[in-house]
Participant: 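Take a look at the following structure, please.
Each chain gets a letter, A, B and so on, in the order its sequence line appears, and its residues count up from 1. These figures come from a predicted structure and were not determined experimentally.
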There are 2 protein chains.
Amino acid sequence: MKTEQRNTRVPKRDKLKSMEKLLHSVGAILQKDGYKALKAQHIAAHAKLDKKLIYNYFGSLGGLIDAYLKKNDFWKRTELLTEQAPLADLPANKVVEILKGQFTFLEHSPEMQHIILWELSEKNPLLQEILDERERFGEQLFKLSDKYFRGSAVNFRAVNALLVSAIYYIILHSRYNTNTICGIDATSKKGREQLFKSIEQIIYWCYQEAERTRNQ
Amino acid sequence: MKTEQRNTRVPKRDKLKSMEKLLHSVGAILQKDGYKALKAQHIAAHAKLDKKLIYNYFGSLGGLIDAYLKKNDFWKRTELLTEQAPLADLPANKVVEILKGQFTFLEHSPEMQHIILWELSEKNPLLQEILDERERFGEQLFKLSDKYFRGSAVNFRAVNALLVSAIYYIILHSRYNTNTICGIDATSKKGREQLFKSIEQIIYWCYQEAERTRNQ
DNA sequence: GTTACAAGTCACCGTCCGTTGACTTATAAC
DNA sequence: GTTATAAGTCAACGGACGGTGACTTGTAAC
């Protein structure tokens, strides 16, 4: 027994493990209570470590949080959920699928919600970097749709900017507010379906209008 | 001179005036620095009064802020900007005008921006009340558009929920982030116009599609 | 002017929180 | 085992902030 424990034993003091525990706790707290709850004492308690270690290993509370954000590129994570193989084309139904996927993912990811709120709440170079990376990824997608919309009356990027923004706002709004938006209750199955259907409709309108105006 | 001063003199100690100063300072600070800067000391300093008065007159810091929010119904203010006389009808161009008006107003009202961010950041019964009132107001507008969309394939409320939400998010995003959204820079004249044009297009699509599907 | 009271001032308390210095203890090399 | 060093503990500092008690001063009624 004792020898077995000795063979498989893990050292009680392990800097790397402790660092990971702290980083992991940042994620857990961010998910549960939001960025406002990212206090040194709180994080340390969650990791069952002394908060001093935050300063030993990451220099400051901000250093720890930065390290966490660097290790976890959420935007990439979101987008990647929507595709397995590289796309060669971007037809309307694929765009609708991606947008619905964004809605559903964000809806179920309190961590992402908090990060988006954070992004709206203060200037943070690190969050900006992450946003830039998302933009770079999005650009690759739009390259695929360009052929549908080049020379048409439709600005597909602008329409998507509107729809993505709408999705973000609606989900953040629904977290604390039970109120409807223009009579739509985004938390109800019915409301969600109404929104989804309208998103779908708008995307299809884009493709139709593009075809019409392109052929002029 | 002295007698004139006596005639027109204002008392140095005036509870109501002090209360108003405090309320006004809440608005000024909210506008300049956001709801996070609503600290007792900060507000009192801005009003050039002692912070004790906040507690004397409003019971607590929260009491002061609540009093401020009750006195200033922002949502109503926003919406009312868009109309002088009661509307009898809600054609597409009027809807576009209202949405563009919302964008422009919010863009130039840091106070509103902060309140929207606040609404996304925490549960607050008072903010909920204000939102409810906005919904009631919006409902009156939608009643006017109902005749265009009843029995059609278009859910006009859902489309407007998307567009209004998009406007809110985009403006909040632009406050601290220089990044584009789907390649659109909402802070530039060009980006704004692209967004405006797409909003306009979507609204017109709604009316067209409604006409088509209604006549089936 | 005197006086009573409200308006306003000031120093202070308790709490939360980021951060730190000085300490103890586990680990690994010898 | 001895020892050096890194890992981890603990208590405390200092600043920010909401809130309060006791004081001073302006105002208005007499």
Participant: Below the 4.0 Å mark, does D:dG8 have OP1 or OP2 next to a side-chain nitrogen or oxygen of A:S18?
Facilitator: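 For D:dG8, OP1/OP2 do have a side-chain N/O of A:S18 under 4.0 Å.
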Participant: Closest approach of A:Q128 and B:T178, non-hydrogen atoms and distance?
Facilitator: OE1-OG1, 3.1 Å
Participant: Might you point out which heavy atoms bring A:D50 and A:K52 nearest each other, and give the distance in Å?
Facilitator: OD1-N, 2.8 Å
Participant: Distance check needed: D:dG19 P versus B:Y57 OH, whole Å only.
Facilitator: 17 Å
Participant: Between atom CD1 in B:I54 and atom C1' in C:dG8, what is the gap in whole Å?
Facilitator: 13 Å
Participant: Can you measure B:K36 atom NZ to D:dA16 atom P for me and round it to whole angstrom units?
Facilitator: 18 Å
Participant: I'd like to know if B:K71 pairs up with B:D66 as an ion pair, taking the criterion as any Lys NZ or Arg NE/NH1/NH2 lying under 4.0 Å from an Asp or Glu carboxylate oxygen.
Facilitator: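 Result for this pair is no, no salt bridge flagged.
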Participant: Report the distance from atom CG of B:D14 to atom C1' of D:dA28, rounded to the nearest whole Å.
Facilitator: 14 Å
Participant: Using atom CG of A:L22 as one end and atom C1' of D:dA7 as the other, report the distance to the nearest whole Å.
Facilitator: 12 Å
Participant: If you check the A:K15 side chain, which of C:dA7, D:dA7, D:dG8 turns out closest?
Facilitator: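 Of all the options, the side chain of A:K15 is nearest to D:dA7.
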Participant: For A:M19 and D:dG8, give me the distance from atom CE to atom P, rounded to whole Å.
Facilitator: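 Between P of D:dG8 and CE of A:M19: 11 Å.
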Participant: Could you check B:T180, B:N177, B:N179 and say which one makes a side chain to side chain donor-acceptor pair (under 3.5 Å) with A:D132?
Facilitator: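 It is B:N179; the other options fail the test.
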Participant: Can a salt bridge be assigned to the pair B:K70 and B:E129 using a cut-off of 4.0 Å between side-chain N and carboxylate O?
Facilitator: no
Participant: At a cut-off of 3.5 Å, list every protein nitrogen or oxygen paired with a nitrogen or oxygen from nucleotides 16-22 of chain C, distance to 0.1 Å.
Facilitator:
{"from": "C:dG18", "atom 1": "OP2", "to": "A:A40", "atom 2": "N", "distance (Å)": "2.8"}
{"from": "C:dT19", "atom 1": "OP2", "to": "A:Y55", "atom 2": "OH", "distance (Å)": "3.2"}
{"from": "C:dT19", "atom 1": "OP2", "to": "A:L61", "atom 2": "N", "distance (Å)": "3.0"}
{"from": "C:dT19", "atom 1": "O4", "to": "A:K51", "atom 2": "NZ", "distance (Å)": "2.6"}
{"from": "C:dG21", "atom 1": "N7", "to": "A:K52", "atom 2": "NZ", "distance (Å)": "3.0"}
{"from": "C:dG21", "atom 1": "O6", "to": "A:K52", "atom 2": "NZ", "distance (Å)": "2.9"}
{"from": "C:dA22", "atom 1": "N6", "to": "A:K52", "atom 2": "NZ", "distance (Å)": "3.3"}

Participant: Return the value, rounded to whole Å, for the distance between atom NZ of B:K21 and atom C1' of C:dG8.
Facilitator: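 Roughly 11 Å, once rounded to whole Å.
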